[in-house]
K.L.:
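Below are the structure tokens for one structure; questions will follow.
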Amino acid sequence: MKSVEEEGRTVEEAKQKALARLDVEEEDAEIEVLEEGSRGVFGLGGRSARIRATVAPRTGVLGGMVERLLELMGIQGSVEVELRDEAAHIDIETSGMDGLLIGKSGATLQALQHIVSRMAYRQDVKSRVVVDVGGYRARRASFLRKKALALAERVKASGKEAMMEPLQPAERRIVHITLNPDPDVKTYTVGEGAFRSVVVAPQAEGAEKDETDEGESGPHRRTWSEASDKRASDTGHEGGGFGVR
Amino acid sequence: MKELIEHIARSLVDHPEQVVVTEVVGEKTIVYELRVGPGDLGKVIGREGRTAKSIRTIVTAAAMKAGKRAVLEILE
């Protein structure tokens, strides 16, 4: 766990310095006072305050939350929480129960993640939560990349559009990103809610892949990069081709 | 299972003390009825029913682990 020591005229000053150095909010750090500090007399003999600050973004709260859920589900496993890319990654390892926790196309994992996020939010842990079981997400990502590339080849050969299976927002993003560099195909999102998916279409002859779309950005257009989980604003997007950056 | 549903529901609502789960044992399936306090229904249902769906998915998985079938009904 990352930890720094700082000095200041007061404990408060030392604390602020340390938090700035760690780049965290106060509630996401543990502060240990090493030396209270004293003013001294006439500016002489004063001692500065010293504190140690350790990053501890209540990952313990998250870990405990998931451990309790697993226990109540009757599943034995270990839980690790790590902060990466501004998200709390909760990695679960079970003995033989991974499949059950993942579910079909990751449905159970997604449900778990949603519930844990809601619970965390109510416990005032506001960071994004990503739950994974046995490295499933990385495997799924590589599977989706392969599938997207294979589908693109088929689309190029046939000249006809083709659609991926329904995908989660993060999964759709993987498809868009994978095929973005390919000048011969474009991708766009169709469908609503759980059925949202990505269509791979042949790029029209001579069409510029990107910039031509930008100019006509109306209210019904958006790029995949915005396609985080904002379902509420999704209505009216069906069938529209979205620009791909 | 009852405890699992209670635990999830209580972590999501404003009035955990009003969360009640009753078990109706059928031949093949067990039906769990989740009741929450007035105003808390939205908390367990969520936007577009996402939270309710998630709780159901977790309950189904837990039931599968126990070799059972479970259905969750949410009532106010």
Side-chain angles (χ1 to χ4, degrees), chain A residues 61-62 64-77 92 94-125 129 131 133 136 166 168-169 191-196 228-235, chain B residues 1-23 25 29-74:
Chain A
V61 175
L62 289 172
M65 221 178 259
V66 176
E67 274 164 12
R68 181 82 182 118
L69 272 177
L70 290 184
E71 187 193 328
L72 288 170
M73 290 177 78
I75 291 169
Q76 290 181 335
I92 304 170
T94 72
S95 41
M97 284 296 149
D98 284 6
L100 187 88
L101 273 190
I102 292 164
K104 189 165 177 278
S105 298
T108 309
L109 187 56
Q110 216 56 39
L112 217 51
Q113 169 161 320
H114 177 71
I115 294 298
V116 174
S117 303
R118 296 307 308 154
M119 284 180 171
Y121 189 80
R122 292 190 66 87
Q123 297 270 328
D124 237 31
V125 180
V129 171
V131 181
V133 176
Y136 168 79
Q168 296 287 333
E192 283 303 305
F195 300 103
R196 264 176 102 74
S228 58
D229 206 0
K230 290 177 191 152
R231 296 259 168 73
S233 59
D234 276 356
T235 39
Chain B
M1 182 68 75
K2 192 170 164 237
E3 216 185 326
L4 172 69
I5 299 166
E6 279 169 353
H7 174 72
I8 296 175
R10 286 190 179 133
S11 322
L12 300 177
V13 299
D14 291 333
H15 304 284
E17 73 285 352
Q18 292 177 19
V19 169
V20 179
V21 177
T22 48
E23 212 176 7
V25 183
T29 14
I30 306 172
V31 178
Y32 292 92
E33 293 177 346
L34 165 64
R35 281 188 179 77
V36 296
D40 273 340
L41 199 59
K43 299 268 182 356
V44 288
I45 289 177
R47 188 152 47 86
E48 289 176 30
R50 205 169 157 204
T51 305
K53 196 175 155 237
S54 296
I55 302 174
R56 289 201 171 101
T57 305
I58 290 170
V59 166
T60 305
M64 212 189 285
K65 167 73 174 51
K68 291 182 184 132
R69 281 178 58 126
V71 173
L72 176 67
E73 281 175 9
I74 300 171

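Note on naming: letters A, B, ... go to the chains in the order of the sequence lines (proteins, then strands), and numbering restarts at 1 for each one. Note that the structure is predicted; figures quoted are calculated from it, not measured.
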K.L.:
At what distance, to the nearest 0.5 angstrom, does NZ of B/Lys2 lie from CG of A/Leu72?
P.N.:
13.0 Å
K.L.:
Might you confirm whether atom NZ of B/Lys43 has over 12 heavy atoms from other residues, nucleotides or ligands at distances under 6.0 Å?
P.N.:
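It does: B/Lys43 NZ has more than 12 such atoms within range.
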K.L.:
Using only non-hydrogen atoms and a strict under-4.5 angstrom cutoff, which residues of residues 103-111 of chain A touch chain B?
P.N.:
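If one takes a 4.5 Å heavy-atom cut-off, the residues of residues 103-111 of chain A near chain B are A/Ala107, A/Thr108, A/Ala111.
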K.L.:
Which atoms of A/Leu101 come close to chain B, meaning under 4.5 Å heavy atom to heavy atom: side chain ones, backbone ones, both, or neither?
P.N.:
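Neither part.
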K.L.:
Counting heavy-atom pairs under 4.5 Å with chain B, which one of A/Gln113, A/Gln123, A/Met65, A/Arg68 comes out on top?
P.N.:
A/Arg68
K.L.:
With a 4.5 angstrom heavy-atom cut-off, could you sort out which part of B/Ile55 is near chain A: side chain, backbone, both or neither?
P.N.:
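Both parts, backbone and side chain.
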K.L.:
Of all residues at least two apart in sequence or in a different chain, which pass the side-chain hydrogen bond (donor to acceptor under 3.5 Å, both in side chains) check with A/Asp98?
P.N.:
A/Thr94
K.L.:
Pull out the residues in residues 6-17 of chain B that come under 4.5 Å of chain A, heavy atom to heavy atom, sorted by number.
P.N.:
B/His7, B/Ile8, B/Ser11, B/Leu12, B/Val13, B/Asp14
K.L.:
In chain order, what residues pass the side-chain hydrogen bond (donor to acceptor under 3.5 Å, both in side chains) check against B/Glu73, with sequence neighbours excluded?
P.N.:
none
K.L.:
Please indicate whether A/Glu71 has more than 12 foreign heavy atoms, meaning atoms of other residues, nucleotides or ligands, lying under 6.0 Å from its CD.
P.N.:
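Yes, the 6.0 Å shell around CD holds more than 12 heavy atoms from other groups.
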K.L.:
Could you look at A/Arg122 and say if it's the side chain, the backbone, both or neither that has a heavy atom under 4.5 Å from chain B?
P.N.:
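Just the side chain, heavy atoms under 4.5 Å.
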K.L.:
Rounded to the nearest 0.5 Å, what separates atom NE2 in A/His114 from atom CZ in B/Arg50?
P.N.:
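Between atom NE2 of A/His114 and atom CZ of B/Arg50 there are 5.5 Å.
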